[in-house]
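Sequential numbering from 1 along the given sequence is applied to the chain's residues.
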Amino acid sequence: MLIQALGAVLIIGSSTMWGAYMAAKSYFRLRDLREMKRAFGILISEIDYAQSPLEEAAVNIAIKCSLPIKGIFENFSKGLSGKVNVWELWSETIENSQKDSYFSTEDMEVFKSFGKTLGYLDREMQLRNIEMQIDYINQKTDELEKTWEKSRKMYLSLGALGGVMAVILLI
């Protein structure tokens, strides 16, 4: 009887933790998007005011941001030290960061498309492109903030109720 009770507690606890993990994914995506917005804001100031070259701007962003965005810009700046195609390097860097971040597939595609204009357009067009990225992030963060509380409660409840249902079925 004691073993059954312990098993029931473990099942309910683990399913509740699964629900908490699923709820936290949205929160972590929101956090990563906000940090990427901050990085793009720093990039605007580096391009517009400091007029830094792209490699130096990427280093400065990496210094000022936290993980996983810091890793993206560190890897990007390291790759810029050699003569490479900037778009391919940016795309590769974004793809490699997918395992470290909580960005959705849509986020990754939008960020990859940003790399197509890096180094090819004049300063004003690059600034507009960065502002478009910030607008995308603002739109996604607004959507996530509106749905996060509801989805968090749903995932937590679903996890706990799923565990209770599994215990009832096993008993």
What's the separation between atom [atom1] in [X] and atom [atom2] in [Y], rounded to the nearest 0.5 Å?
X	Y	atom1	atom2	answer
N75	E92	CG	CD	9.5 Å
L43	D48	CG	CG	10.5 Å
N60	E55	CG	CD	11.0 Å

### Query
So which pairs with a foot in residues 124-141 pass salt bridge (charged side-chain N to carboxylate O under 4.0 Å, His left out), sequence neighbours left out?
E106-K140, K140-E143
### Message
Parallel, tilted or perpendicular, judged at 30° and 60°: which one describes the rings of W90 and F76?
### Response
perpendicular
Heavy-atom pair with the smallest gap, counting every atom of [X] and [Y]:
X	Y	value
M108	S97	CE-OG, 3.9 Å
T141	L33	CG2-CB, 3.9 Å
A62	E74	CB-CG, 3.5 Å
L89	L80	CD2-N, 3.5 Å
E46	A57	CB-CB, 3.7 Å

#### Entry: Aromatic ring proximity W87/F114, centre distance under 6.0 Å
no
### Task
Can you sort out the partners of N138 under side chain to side chain donor-acceptor pair (under 3.5 Å), two or more places apart, ordered by chain and number?
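N138: side chain to side chain donor-acceptor pair (under 3.5 Å) contacts with K37.
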#### Entry: Under the side chain to side chain donor-acceptor pair (under 3.5 Å) test, residues paired with N96 that sit two or more places apart
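Residues passing side chain to side chain donor-acceptor pair (under 3.5 Å) with N96: none at all.
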Among the clusters formed by ILVMFWY side chains lying less than 4.5 Å apart, do [X] and [Y] turn up in the same one?
X	Y	value
I61	I134	yes
V167	L158	no
L127	V110	yes
W148	F103	no
I94	M132	no

In a table with atom names and distances, give each donor-acceptor pair under 3.5 Å that connects a side chain of residues 4-18 to protein atoms at least two apart or in another chain.
{"unit_1": "S14", "atom_1": "OG", "unit_2": "L10", "atom_2": "O", "d": "3.0"}
{"unit_1": "S14", "atom_1": "OG", "unit_2": "I11", "atom_2": "O", "d": "3.1"}
{"unit_1": "S15", "atom_1": "OG", "unit_2": "I11", "atom_2": "O", "d": "3.1"}
{"unit_1": "S15", "atom_1": "OG", "unit_2": "I12", "atom_2": "O", "d": "3.1"}
{"unit_1": "S15", "atom_1": "OG", "unit_2": "G159", "atom_2": "O", "d": "2.8"}
{"unit_1": "S15", "atom_1": "OG", "unit_2": "G163", "atom_2": "N", "d": "3.2"}
{"unit_1": "T16", "atom_1": "OG1", "unit_2": "I12", "atom_2": "O", "d": "2.7"}

### Message
Whether the side chain of N129 engages the backbone of M125 through a donor-acceptor N/O pair (distance < 3.5 Å, no angle test) should be reported.
### Response
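It does not hold such a pair.
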### E35 (side chain) donor-acceptor with C65 (main chain) under 3.5 angstrom
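Side chain of E35 to backbone of C65: no pair is present.
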### Query
Are the side chains of M154 and K150 in touch, meaning some heavy atoms are under 4.5 Å apart?
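Side-chain contact under 4.5 Å: no.
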### Query
Who passes ring-ring contact (aromatic ring centres under 6.0 Å, His included) against Y21, sequence neighbours left out?
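Counting only residues at least two positions away or on another chain, Y21 forms no ring-ring contact (aromatic ring centres under 6.0 Å, His included).
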If you look only at distance, which donor and acceptor atoms sit under 3.5 Å apart when one is on a side chain in residues 24-32 and the other is two or more places apart or in another chain?
{"unit_1": "R29", "atom_1": "NE", "unit_2": "D107", "atom_2": "OD2", "d": "2.8"}
{"unit_1": "R29", "atom_1": "NH2", "unit_2": "S104", "atom_2": "OG", "d": "3.3"}
{"unit_1": "R29", "atom_1": "NH2", "unit_2": "D107", "atom_2": "OD1", "d": "3.0"}
{"unit_1": "R29", "atom_1": "NH2", "unit_2": "D107", "atom_2": "OD2", "d": "3.1"}
{"unit_1": "D32", "atom_1": "OD2", "unit_2": "Y102", "atom_2": "N", "d": "2.9"}

